[in-house]
There are 2 protein chains.
Amino acid sequence: MRQATIRDVAREANVSVASVSRTINGHSNVNPATRERVLAAVRALGYVPNAAARSLSMALSHTIGVVVPDLHGEFFSELIRGMDTAASATGYHLLLSTMHADLEEARHAIAAMNGRVDGLIVMATQAQPEELDALLPASIPAVLLNCADGGGRPVFTIDDRAGAAAIAAHFAALGKRNILHIMGPESNNDARDRRKGFEEELKRLAPSAKLTVVPGNYQEEAGRAAVRDMLNSGNKVDAIFAANDMMALGAMQELRTNALDVPGDVVVAGFDDIPLAGFLGLTTMRVHMDQLGAQAVECLTRLLEGKGGEERVRLVPDLVIRASTEKPQ
Amino acid sequence: MRQATIRDVAREANVSVASVSRTINGHSNVNPATRERVLAAVRALGYVPNAAARSLSMALSHTIGVVVPDLHGEFFSELIRGMDTAASATGYHLLLSTMHADLEEARHAIAAMNGRVDGLIVMATQAQPEELDALLPASIPAVLLNCADGGGRPVFTIDDRAGAAAIAAHFAALGKRNILHIMGPESNNDARDRRKGFEEELKRLAPSAKLTVVPGNYQEEAGRAAVRDMLNSGNKVDAIFAANDMMALGAMQELRTNALDVPGDVVVAGFDDIPLAGFLGLTTMRVHMDQLGAQAVECLTRLLEGKGGEERVRLVPDLVIRASTEKPQ
DNA sequence: CTGAAAGCGCTTACAG
DNA sequence: CTGAAAGCGCTTACAG
């Protein structure tokens, strides 16, 4: 069955399409009697305005285009969920595309969004400012996620350095002085920032502490291997910070397998706060991806309403202390 | 900067908009020289067609509207991810809305999609067929998820009964005869189906087995409580099936706390295969929400292309045997 | 192979 | 308060 259009309603109510439009949109300059006739016709025909036609006419879609590398895992689902919450709270919708870390795909996705969105939220982590300029249409505002440099556009990021620094402060407060850091992949921005933030804060708060950094790959086994190597080398470590929870959990298990007590002999901390961390009592940094998504949407809607928007927001993760470290005194 | 339109391109290339349109859309009836001039103008102006205008003109958006109750948790994120994979493989986009189990919100979301989507995928689990008829526009096809009755529309569901039956068969094959089922909330469709499927298959394969069913609420603590009650009552159970993984994990922990061996004394199985289940070695049913989403999208695109579509697909979960039950002989 | 024109379903000055 | 008309940016018969 064909959807009724505004003309069908106008005919049914014996008025012009202009009057139907005014009634639908709640304009005040409509005679009450006319309004009633129109509303009756709307009900009778089950009329629902065509949003695409309205967008075209008003050059406004009340839709936000979202382009992310992937949709895999809690990280992205929380991000999208936060965006959805903030968007629907302000009457916006979400048009979703994945780009698989491929700028060509991103270009395609953004082209397909032209005319259907009022603004964009794009996570193109590795993109350079010039690439972003080529990618993003100059005609609509865009907010970036986890980009090093947005080339003047608002950027929202998780503050990895501040997060890692919080772990360093926690270790320092516990009096730990022989510390192992299991790094994430060297090629990974977050991994580098976590290491840097941890190292700098530790140096600042506990200059006498000894820090050993070993490579890792974010997998559980890397955490286990780091502990085995440590034990073999005879290095007397009293605290371990792994760049993510999976490696921290691997380290924790391996310590216990070797009859070391956590947190009695060695305290362990991770990063991300995956569900397993809560279940197994791992101290970690909780990353609020939903808040990041929500804030990005709010920034974009402010831009769309011409109310400006922050330049760069770094969302600091929360330290969640659990049984794998002691509570500070 | 204003986006260039097809008229700008036509002027720049000194042709009519019709020729620009034909070139853009790869029609064959364009003189090569004209085509080149047009393409040059497109490049020069950075022209990108307005997708909303095209949709309106062609009455085709190549977009699928997705309405789900929520975006929380792995369940939904996997569903959306599966949809995205299938959609982008066939050149479709996803317009996303959440309805929070509220039919009025769903109506609103669907109204906002009118004219912007070619079809709908809706998860309105509790909706009756008449409510669905009132909710869904007759003008475009819709595919339903996890609905008991789609009122003639295609419905895609997880086959909870078959999944639970697989656990029953597993227990029967292991020779278990004194069995406890920890149910999910009575009000929950899935929970009821899981119980029913388990009970029927057990009766069929092991008529002599004794089955005790106790209530639960999908929380870890309900699993623990069920085990405590069982131990207090002196009931000699040799197998436990919990309606979801969290309760199964609670039960497993509580058994071990009480010096019972899993799977030696009691085998335990859950449902869902959450990440924790893998980490802690819980036997469970793996639910492929991504496949469900992908199949729903494929069904809908087939409908859109007039190629019909299945009426009702029940996706059977996979039995994943881990250390919490023995391997069958 | 090409262009002028109508049409997709809306909104909004403009004139009355 | 109301309607005829132009316009949003496209596509597509139609005529040439």
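The figures here come from the full heavy-atom set of this structure, side chains too, leaving out hydrogens, waters and symmetry mates. Residue numbering restarts at 1 for every chain, and letters A, B, ... go by the order of the sequence lines.
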- Item | Salt bridge B/Arg153-B/Asp133, side-chain N to carboxylate O under 4.0 Å | yes
- Message: Using only atom types and a distance under 3.5 Å, with no angle test, would you say the side chain of B/Ser57 pairs donor to acceptor with the backbone of B/Ala53?
- Response: no
- Message: Please tell me whether A/Asp70 and A/Thr98 have a donor and an acceptor in their side chains that are separated by less than 3.5 angstrom.
- Response: no
- Message: Could you walk me through whether B/Arg22 and B/Ser28 satisfy the side chain to side chain donor-acceptor pair (under 3.5 Å) test, starting with their C-alpha distance in whole Å, then the side-chain angles of each, then the deciding distance to 0.1 Å, before giving a yes or no?
- Response: CA-CA 8 Å; B/Arg22 292 189 193 103; B/Ser28 57; over 6 Å; no
- Task: Determine yes or no for a side-chain-to-main-chain donor-acceptor pair under 3.5 angstrom, with B/Arg192 supplying the side chain and B/Pro185 the backbone.
- Result: no
- Message: Looking at A/Thr34, I'd like to know whether one of its side-chain N or O atoms comes within less than 4.0 Å of OP1 or OP2 on D/dT2.
- Response: yes
Please enumerate all protein N or O atoms sitting under 3.5 Å from an N or O of nucleotides 7-9 of chain C, with distances to 0.1 Å.
unit_1	atom_1	unit_2	atom_2	d
C/dG7	N2	B/Ser57	OG	3.1
C/dC8	O2	B/Ser57	N	3.4
C/dG9	N2	A/Ala53	O	3.4

- When you look for runs of 3 or more Watson-Crick or G-U pairs in a row, both distances below 3.5 Å, which of them include DNA chain C? C:1-3 with D:14-16, C:5-12 with D:5-12, C:14-16 with D:1-3
- Among residues 20-28 of chain B, which contact DNA chain C at a heavy-atom distance under 4.0 Å? B/Arg22, B/Ser28
- Would you call B/Asp8 and B/Arg11 a salt bridge, taking side-chain N to carboxylate O under 4.0 Å as the test? yes
- Query: With sugar-phosphate meaning primed atoms plus P, OP1 and OP2, does B/Ala18 contact a base, only sugar-phosphate, or nothing at under 4.0 Å between heavy atoms?
  - Reply: base
- Hey, is the main chain of B/Gln3 close enough, under 3.5 Å, to the side chain of A/Ser139 for a donor-acceptor pair? no
- Task: For side chain to side chain contact (heavy atoms under 4.5 Å, CB included), just list the numbers for B/Ile64 and B/Met83, CA-CA rounded to whole Å, side-chain angles, deciding distance to a tenth of an Å, and then say yes or no.
- Result: CA-CA 10 Å; B/Ile64 294 172; B/Met83 291 186 189; over 6 Å; no
- Item | Phosphate OP1/OP2 of D/dG3: any A/Ser19 side-chain N/O under 4.0 Å | yes
- Would you say the side-chain atoms of A/Ser55 pair up with the backbone N or O of A/Ala51, donor to acceptor, closer than 3.5 Å? yes
- Message: From CG of B/Asn29 over to P of D/dT12, roughly how many Å is that when rounded to an integer?
- Response: 11 Å
- Query: Can any side-chain N or O of A/Arg37 pair as donor or acceptor with the backbone N or O of A/Ala13 at less than 3.5 Å?
  - Reply: yes
- Query: Between C/dG3 atom C1' and B/Asn31 atom CG, what is the distance in whole Å?
  - Reply: 14 Å
- Message: Strictly below 4.0 Å, N to O, side chains only: are A/Arg107 and A/Asp102 in salt-bridge contact?
- Response: no
- Please figure out whether A/Val17 or A/Val30 has its closest DNA chain D nucleotide nearer the 5' end. A/Val30
- Query: For atom P, what is the distance between D/dC1 and D/dA5, given to the nearest Å?
  - Reply: 24 Å
- Item | Rounded distance in Å - CG (B/Asn14) to P (C/dC1) | 19 Å
